[in-house]
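Every heavy atom of this structure was used, including side-chain atoms; hydrogens, water molecules and symmetry mates were not. So you know, we letter chains A, B, ... as the sequences are listed, proteins then strands, and number each from 1.
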Protein chains: 2
Amino acid sequence: MTTKQRGRPRLFDRDEAIARAMRTFWEHGYEATSITLLTEAMGIGARSLYGAFGSKEALFKEVVDFYVTTYGAYMGRALGEEPTAHGGIARMLREAAGQLTADDRPRGCLVVFAANDNATASAGAERILRTHRAAFTAAFEDRIRAGIAAGELSAQVNPAPLARYFAAVFQGMSQQARDGASRTQLEEVAATAMRAWP
Amino acid sequence: MTTKQRGRPRLFDRDEAIARAMRTFWEHGYEATSITLLTEAMGIGARSLYGAFGSKEALFKEVVDFYVTTYGAYMGRALGEEPTAHGGIARMLREAAGQLTADDRPRGCLVVFAANDNATASAGAERILRTHRAAFTAAFEDRIRAGIAAGELSAQVNPAPLARYFAAVFQGMSQQARDGASRTQLEEVAATAMRAWP
DNA sequence: CTTTTTTTGCAGTGCTCGTTGCAAAAGGGA
DNA sequence: TCCCTTTTGCAACGAGCACTGCAAAAAAAG
C-alpha cells in the first residue's frame with residue numbers, strides 16, 4: 001500500500017536530521033537556536049529544512065516528541081517497572097541525576113528549560129513544553145494514585161500536591177545540572193527529596 | 001562634597017527607569033527583551049538609555065541588583081529573623097509561594113528564569129544570574145551550618161547537600177509559578193519539602 | 001552674557017532573524 | 001524518450017536586533 005515517493009529523493013536522513021536539531025535546541029534553547037545554527041548542525045540548506053519540516057516551530061515540535069521518547073523515556077520506565085510508587089519515583093529521581101549530567105549530551109532536561117517566555121515569538125514552543133511538563137507531573141500523580149489503590153500509601157494522602165512536589169524537585173535538579181552540579185550532588189538532592197515521602 | 005551635576009539634567013528618574021526595566025526583563029527574560037521594548041516601558045529614548053546605563057547587559061545588571069534588594073529581600077529576612085534554621089527555611093519557602101504568584105507582578109523569580117543559555121549573546125546575563133543562584137544557595141547553607149553550631153541540628157548533617165535540596169525546591173517552585181501554579185499549590189509543595197528536614 | 005558639560009531626538013549603522021521565489025537538478029512513471 | 005513531482009542551491013525579502021554619530025537643546029559655572 002505504501003507507494004514509493006515520486007519526485008527527487010531527499011539527500012539527507014530525516015530522523016538523523018531531527019536528532020542533530022535536537023542537540024542544538026537542547027544546547028541553546030528555542031529562541032537562541034537560529035535557522036543558520038540548525039542548518040549547520042543538520043548539514044542541510046535552509047530550503048531543505050523548510051521543505052521537510054515546514055517551520056522552525058514545527059521542527060521543534062518533532063524534536064521534542066523525539067526527545068521524550070528517547071532521552072526522556074527513562075522516566076516512564078522507572079515509574080512503570082518498579083513495583084511500588086515509592087520505588088518508582090525514587091528510581092526516577094536517582095536516574096535523573098545521571099541523565100541530567102551525562103557527558104555525551106547537553107546538561108539538564110530539554111522540556112524543562114528550552115523556552116520560558118510566553119509573550120513573544122517563542123510562545124508556541126513554550127506551549128509545547130508546558131504541555132509536556134504537565135504530562136510528567138500527571139504521570140507522577142497517576143503512579144501515586146495507583147500506590148494508594150494498592151494499599152502502599154494511606155488513603156489520606158493527596159496525590160496531586162505530592163506529584164507537584166516531585167515535579168518541582170525534578171525541575172530544580174534540571175536547572176542545577178545546567179548550572180554545573182555534578183551527578184553525585186544531584187543524587188544527594190534526590191535522596192533528600194525522598195525523605196518527604198509520606 | 002557632592003557637587004551638583006554640570007550639564008543638562010536628565011528628564012527621567014533613573015531609579016524609576018530601572019524599576020520599569022525590571023518589570024520588562026521579569027516578564028520576558030533577557031534575550032526576548034529588546035531595546036525597543038525597554039525604551040517603551042521606561043518612557044525614554046534609546047539614546048538616553050545608553051547614556052544612562054551603557055548597554056543592555058549593564059542595565060540588566062543594575063536591574064538584577066535592584067531586584068534582589070527589593071522583591072528578593074524576603075529571603076534574607078526569613079532566614080535572618082527566625083530563631084531556628086528550620087523555621088527560617090520553612091518561612092522562606094512559605095513566603096516564596098506567595099511572592100512567586102503575586103498578582104501585581106510577573107510570576108516566578110527573575111533570578112531563576114531570566115536567562116538559560118550560556119553560549120550565545122546572553123552569556124553575560126546568564127553569568128550574572130548564576131552568581132545570584134549560587135548566592136542564595138550559599139545563604140541556605142550558612143543558615144543550616146549555624147543551626148548545627150547552635151545544636152539545633154545533629155553534627156552528622158551535611159549542610160551543602162541539604163542547602164542544594166532546598167535551592168532545587170525553590171527553583172522548581174519558581175518554574176511552576178511561571179507555568180500557572182497557584183499560591184496554595186506552591187504552599188503545599190513548600191510544606192511537603194519541609195518533611196525532608198533531618 | 002559666554003562657556004562648558006551633559007542629555008536629547010533623529011536617523012542610520014551593519015548584522016542577523018525566520019522565511020520564501022525561482023529555476024536547475026534529479027529521480028520515478030508512462 | 002518525455003512528463004511529473006519533489007528537492008536542491010542561490011539569492012533575496014522585510015523586519016527587527018543592539019548600538020551610535022551628530023547636532024540641537026538645556027542647564028550649571030565662569
Side-chain angles (χ1 to χ4, degrees), chain A residues 1-18 21 24-25 27-63 114-115 117 119-126 128, chain B residues 1-18 20-21 24-25 28-63 114-115 117 119-126 128:
Chain A
M1 224 48 197
T2 57
T3 55
K4 200 121 185 258
Q5 184 157 266
R6 279 260 273 163
R8 172 176 178 176
R10 70 166 57 94
L11 300 179
F12 63 94
D13 185 287
R14 202 174 183 282
D15 292 339
E16 169 70 16
I18 290 179
T24 314
F25 279 124
E27 252 182 273
H28 303 103
Y30 180 77
E31 285 218 272
T33 298
S34 67
I35 299 293
T36 305
L37 223 50
L38 283 168
T39 53
E40 280 168 3
M42 299 162 87
I44 64 176
R47 208 61 190 75
S48 302
L49 189 157
Y50 279 89
F53 302 104
S55 71
K56 183 183 175 185
E57 190 178 314
L59 169 60
F60 184 69
K61 186 165 173 17
E62 292 206 47
V63 158
D117 184 22
T120 43
S122 59
E126 167 65 2
I128 290 168
Chain B
M1 221 52 198
T2 58
T3 55
K4 200 116 186 267
Q5 183 159 270
R6 276 260 271 160
R8 174 176 177 175
R10 70 167 56 94
L11 299 179
F12 62 93
D13 184 288
R14 203 174 183 281
D15 292 339
E16 170 69 17
I18 290 179
R20 294 195 193 203
T24 313
F25 280 122
H28 302 103
Y30 180 77
E31 285 218 272
T33 299
S34 67
I35 299 294
T36 305
L37 222 50
L38 283 168
T39 52
E40 279 168 4
M42 299 162 86
I44 63 176
R47 209 62 191 76
S48 302
L49 189 157
Y50 281 89
F53 301 104
S55 72
K56 184 184 174 184
E57 190 178 312
L59 169 61
F60 184 68
K61 187 168 172 17
E62 292 206 47
V63 158
D117 184 21
T120 43
S122 59
E126 168 64 2
I128 291 168

Take the protein atom [atom1] of [X] and the nucleotide atom [atom2] of [N], then report the distance between them rounded to whole Å.
X	N	atom1	atom2	answer
B:Ile44	C:dT8	CD1	P	7 Å
A:Leu38	C:dC17	CG	C1'	12 Å
B:Asp13	C:dT7	CG	C1'	15 Å
B:Leu37	D:dC17	CG	C1'	12 Å
B:Leu49	D:dC17	CG	C1'	14 Å
A:Arg10	C:dG27	CZ	P	15 Å

Pairs of donor and acceptor atoms involving the side chains of residues 34-53 of chain B, under 3.5 Å and at least two apart or interchain, shall be tabulated with distances.
from	atom 1	to	atom 2	distance (Å)
B:Ser34	OG	B:Leu37	N	3.1
B:Thr39	OG1	B:Ile35	O	3.1
B:Thr39	OG1	B:Thr36	O	2.9

Please list all pairs passing the side-chain hydrogen bond (donor to acceptor under 3.5 Å, both in side chains) test where one or both residues lie in residues 54-63 of chain A, with sequence neighbours left out.
A:Arg14-A:Glu62
All pairs passing ring pair (Phe, Tyr, Trp, His ring centres under 6.0 Å) where residues 29-49 of chain B contributes a residue, at least two apart:
B:Phe25-B:Tyr30, B:Tyr30-B:Phe60
Between protein and nucleic acid, restricted to nucleotides 18-24 of chain D and to nitrogen or oxygen atoms under 3.5 Å apart, what atom pairs and distances do you find?
from	atom 1	to	atom 2	distance (Å)
D:dA18	OP1	B:Thr33	O	3.4
D:dA18	OP1	B:Lys56	NZ	3.0
D:dA18	OP2	B:Ile35	N	2.6
D:dC19	OP2	B:Tyr50	OH	2.7
D:dC19	OP2	B:Lys56	N	3.1
D:dC19	O5'	B:Tyr50	OH	3.3
D:dG21	O6	B:Arg47	NE	2.8

Of all the heavy-atom pairs spanning A:Arg8 and A:Leu11, show the shortest one and how long it is.
NH2-CD1, 4.1 Å
What does A:Leu11 touch in the nucleic acid at a heavy-atom separation under 4.0 angstrom: a base, only the sugar-phosphate, or nothing?
sugar-phosphate
Side-chain N or O of A:Ser48 less than 4.0 angstrom from OP1 or OP2 on D:dT7?
no
OP1 or OP2 of C:dT6 versus the side-chain N and O atoms of B:Arg6: is any pair under 4.0 Å?
no
Residue pair A:Ala32/A:Pro9 against DNA chain C: nearer the 5' end by closest nucleotide is A:Ala32
